[in-house]
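First up is the structure itself, then whatever we jot down about it.
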Amino acid sequence: MRKWIEIMSELTDRKALVTSGSRGIGAAVAIALAEQGADVAITYLHSTNEAAQVVKQIETAGRHGLAIQADAADAEAVAAAVDRVATELGGLDIVVNNAGVGAVGLLADVPIADLDRVLAVNVRAVYVAAQAAAARLTDGGRMIHIGSCIAARNAGPGMTLYAMSKSALVGLNKGLARDLDARGITSNVVQPGPIDTDLNPADGPMAAPQRAMLALDRFGTVADVAAAVVYLAGPGGSYVTGTELTVDGGHAA
């Protein structure tokens with residue numbers, strides 16, 4: 001029993017930020033961190049009710065929760081959210097860059113406005129959050145970025161822009177690992193495969209072709225991704241940095 005209690009409280013009193021944490025993977029990560037003992041802040045854009053429900057679940061776990069409305073495409077809003085979290089939670093130990101958008105379409109069909117939005121949210125926001133967090137993170141802190149299996153294997157047409165944006169996180173992550181190593185801060189990317197969410201349901205019209213690319217004939221769950229984040233955020237991930245942890249059902253196999 002003692003060992004189980006220690007495992008379940010391995011993030012006790014840590015302070016965490018999860019961007020875009022009101023639904024899907026972000027919500028699962030925020031709740032999982034709270035269940036491990038962390039106080040957790042989330043950002044959201046439009047999902048006010050969903051954000052409030054996530055905060056409620058964080059508080060049900062006995063931890064302090066905070067929801068901040070911020071557009072990931074707005075660099076000033078991203079930096080301000082990081083600073084607010086550190087101030088209101090009384091520190092910052094873990095940052096999970098989860099916010100992301102996608103634009104599916106062939107190269108010739110994607111407008112510049114979509115290009116700008118995807119790069120602003122999927123790449124620039126991660127850089128800005130990392131830059132702001134670096135000044136606030138405690139020594140030994142963790143940065144974790146949610147990427148995509150598409151960065152390793154783009155198996156079909158129409159995903160060029162999304163693949164480019166998520167591939168950028170790999171290079172950014174390696175640079176962060178070197179820039180922050182003197183303070184013992186780690187940086188890693190979690191690369192999910194097809195995950196059952198409201199945006200990509202396991203019974204949706206595009207589910208069958210996605211399952212056909214996997215070694216495991218099923219979608220993953222948000223809990224699968226959250227477990228990987230908790231590992232990297234906890235004591236077991238202290239010697240893991242600058243790498244990608246794939247949670248993809250064998251998409252890259």
Side-chain angles (χ1 to χ4, degrees), residues 16-30 32-33 40-47 50-51 54 67-75 77-79 81-82 94-105 110 113-133 143-154 158-173 176 187-201 204 206 210 219-226 228-229 232 244-248 251:
L17 166 63
V18 180
T19 66
S20 191
S22 63
R23 58 196 292 189
I25 290 173
V29 167
L33 291 172
V40 185
I42 64 171
T43 63
Y44 69 97
L45 183 55
H46 300 302
S47 305
E50 291 88 344
V54 173
I68 300 172
Q69 188 171 29
D71 185 352
D74 182 339
V78 171
V82 173
I94 302 161
V95 174
V96 182
N97 284 305
N98 170 70
V101 295
V104 178
V110 176
D114 286 353
L115 170 66
D116 291 343
R117 174 75 181 177
V118 169
L119 294 182
V121 174
N122 293 7
V123 183
R124 188 179 66 179
V126 179
Y127 189 99
V128 170
Q131 190 177 52
M143 288 191 188
I144 302 163
H145 322 286
I146 306 301
S148 171
C149 64
I150 295 297
R153 180 190 177 203
N154 190 353
M159 299 300 292
T160 299
L161 175 54
Y162 187 70
M164 178 178 71
S165 69
K166 290 301 185 178
S167 296
L169 296 185
V170 176
L172 172 62
N173 177 58
L176 289 173
S187 177
N188 292 286
V189 177
V190 173
Q191 308 279 42
I195 303 298
D196 185 17
T197 64
D198 59 341
L199 295 178
N200 188 31
M206 295 304 297
Q210 291 180 76
F219 271 40
T221 68
V222 293
D224 293 326
V225 183
V229 173
L232 291 171
E244 302 92 58
L245 177 56
T246 57
V247 187
D248 67 355
H251 182 271

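FYI, the numbering just counts along the sequence from 1. From a predicted model like this one, the values you see are computed outputs, not experimental measurements.
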Could you measure the distance from the CD1 atom of Ile94 to the CD1 atom of Ile144? Nearest 0.5 Å is fine. 6.5 Å
Can you tell if the side chain of His145 reaches within under 4.5 Å of the side chain of Val126, non-hydrogen atoms only? yes
Interatomic spacing from CD in Glu244 to CG in Leu169 - rounded to 0.5 Å: 10.0 Å
With the side chain counted from C-beta on, respond yes when Asn98 and Ile25 share a heavy-atom pair under 4.5 Å apart, and no when they do not. yes
Leu115 versus Leu161: any side-chain heavy-atom pair under 4.5 Å? yes
Derivation and outcome, side-chain contact (heavy atoms from CB on, under 4.5 Å), residues Val190 and Leu232: CA-CA 9 Å; Val190 173; Leu232 291 171; 3.6 Å; yes
For the student: nearest non-hydrogen atoms of Ala132 and Ala79, plus distance: CB-CA, 4.1 Å
Do Leu172 and Val189 touch side chain to side chain, with heavy atoms closer than 4.5 Å? no
Return yes if a side-chain donor-acceptor contact under 3.5 Å exists between Asp224 and Thr221, otherwise no. yes
I need the Met164 CE to Met159 CE distance, nearest 0.5 Å. 12.5 Å
Evaluation steps, side-chain contact (heavy atoms from CB on, under 4.5 Å), between Asn200 and Ile195: CA-CA 7 Å; Asn200 188 31; Ile195 303 298; over 6 Å; no
Backbone N or O of Ala151 within a donor-acceptor pair of the Ser148 side chain at under 3.5 Å? no
Return yes if some donor-acceptor pair links the side-chain N/O of Thr43 with the main-chain N/O of Ala70 below 3.5 Å, else return no. no
So, do Asn188 and Leu245 sit near enough that their side-chain heavy atoms are less than 4.5 Å apart? no
Checking Thr246 side chain against Asp248 main chain: does a donor-acceptor pair fall under 3.5 Å? no
Supply the atom-to-atom distance Leu176 CG to Met143 CE, rounded to the nearest 0.5 angstrom. 6.0 Å
Between Asp71 and Arg117, is the closest basic N to carboxylate O distance under 4.0 Å? yes
Rounded to the nearest 0.5 Å, how far apart are NE2 of His251 and CD of Gln191? 11.0 Å
Counting C-beta onward and ignoring hydrogens, is there a side-chain heavy-atom pair between Leu199 and Arg23 closer than 4.5 Å? yes
Looking only at non-hydrogen atoms, find the nearest pair between Asp196 and Phe219 and report the distance. N-CD2, 3.8 Å
Shortest non-hydrogen pair, Ala163 vs Asn154, comes out as CB-ND2, 3.7 Å
When you measure from the side chain of Asn122 to the backbone N and O of Val101, does any donor-acceptor pair fall under 3.5 Å? yes
Please give me the minimum heavy-atom distance between Asn97 and Ala129, naming the atom from each residue. OD1-CB, 3.3 Å
Is a donor on one side and an acceptor on the other found under 3.5 Å between the side chain of Gln69 and the backbone of Leu45? yes
Do you know which two heavy atoms are closest between Leu119 and Ser165, and how far apart they sit? CD2-CB, 4.2 Å
When rounded to the nearest 0.5 angstrom, what distance separates CD1 in Ile42 from CD in Glu50? 10.0 Å
Using the side chain to side chain contact (heavy atoms under 4.5 Å, CB included) rule, pick out the option among Val29, Val95, Val54 that qualifies with Val18. Val29
Would you name the heavy atoms of Val128 and Ala75 that are closest together and state the gap between them? CG1-O, 3.5 Å
